[in-house]
Amino acid sequence: DTEVTQTPKHLVMGMTNKKSLKCEQHMGHRAMYWYKQKAKKPPELMFVYSYEKLSINESVPSRFSPECPNSSLLNLHLHALQPEDSALYLCASSRTTGQRAGNTIYFGEGSWLTVV
Amino acid sequence: GEDVEQSLFLSVREGDSSVINCTYTDSSSTYLYWYKQEPGAGLQLLTYIFSNMDMKQDQRLTVLLNKKDKHLSLRIADTQTGDSAIYFCAESYNTDKLIFGTGTRLQVFP
């Protein structure tokens, strides 16, 4: 099972709403990631969790709040977003952190977010 | 993607070979990757190459790395319509951050 599952697949929210994106993997991976991808652009790293602890925050605005409740789950809490935050949000996981052979990063199908 | 450049579009006939090129800037990159993204889908890792290798072959895929010119290419043999997608190269250098290229849209026509 090499699957990263993201829910919901599509989300429309108002600028005053609070919502969450969820990500789950059952591969025993200890590193999980959030990437943001705007239309016709490459993905950009937002956050990295290693062993349930936040290890990288790429200067993401505080209206995005990540949470890693356990080694299989990764959430992204959304509050007071702007229309320019509309994008595809990709979750990924890997066996561990650090670039080495065999440490493949697996991506989910993404959550399409529209902020109105 | 500003440090990793790819041509935007490639069109090939079914059965021909496709070659997708990528130019990166960080000579300290340790791993270089190729990902495939189909419309409305996430990223699928196709293959990767370690920076001390020149070539890697995996079935229909051949990756060539020219470290001197910081040039990476992906050759797809016997290209099929199912190969139509956007292809991203990505680099990393001993961190957990993948820097993706601008993406190349491959269109395969019968």
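All figures in this text were calculated on a predicted structure; none of them were measured in a lab. Letters go in sequence order (proteins before strands), and every chain restarts at 1. What you see below is based on every heavy atom in this structure, not just the backbone, and it leaves out hydrogens, waters and symmetry mates.
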Quick check: are there more than 12 heavy atoms from other residues, nucleotides or ligands sitting under 6.0 Å from [atom1] of [X]?
X: A/M15; atom1: CE; answer: no
X: A/K19; atom1: NZ; answer: no
X: A/K9; atom1: NZ; answer: no
X: B/R105; atom1: CZ; answer: no

B/G101 and A/P42: which non-hydrogen atoms are nearest, and at how many Å?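 Between these two residues, the closest heavy atoms are O-CB, 3.0 Å.
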
Minimum heavy-atom distance A/Q37-B/F88, with the two atoms named: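 It is NE2-CZ, 3.6 Å.
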
Output the residues of residues 45-53 of chain A for which the shortest heavy-atom distance to chain B is under 4.5 Å, in residue-number order; output 'none' if no such residue exists.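 Contacts with chain B: A/L45, A/V48.
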
Sub-4.5 Å heavy-atom contacts with chain B: which residues of residues 65-87 of chain A show up?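 So far as heavy atoms go, nothing in residues 65-87 of chain A approaches chain B to under 4.5 Å.
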
With a 4.5 angstrom heavy-atom cut-off, which part of B/F50 approaches chain A: side chain, backbone, both or neither?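 Answer is neither: B/F50 stays 4.5 Å or more from chain A.
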
Measuring only between side-chain heavy atoms, which start at C-beta, is B/L98 closer than 4.5 Å to A/Y35?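 They are in contact (side-chain heavy atoms under 4.5 Å apart), so the answer is yes.
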
Do [X] and [Y] sit in one hydrophobic cluster, given that two such residues count as connected whenever their side-chain heavy atoms are within less than 4.5 Å of each other, even indirectly?
X: B/M53; Y: B/L46; result: yes
X: B/L64; Y: B/Y24; result: no
X: A/I56; Y: A/L21; result: no
X: A/M32; Y: A/L90; result: no
X: A/V4; Y: A/W34; result: no

Which pairs, with at least one residue in residues 54-76 of chain A and sequence neighbours excluded, count as a ring-ring contact (aromatic ring centres under 6.0 Å, His included)?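 Listed by first then second residue: A/F64-A/Y89.
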
Under 4.5 Å, heavy atom to heavy atom: which of residues 34-45 of chain B reach chain A? Give them by number, or say none. B/Y35, B/Q37, B/G40, B/A41, B/G42, B/L43, B/L45

Heavy-atom cut-off 4.5 Å, strictly under: side chain, backbone, both or neither for A/E58 against chain B?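 Interface part for A/E58: side chain.
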
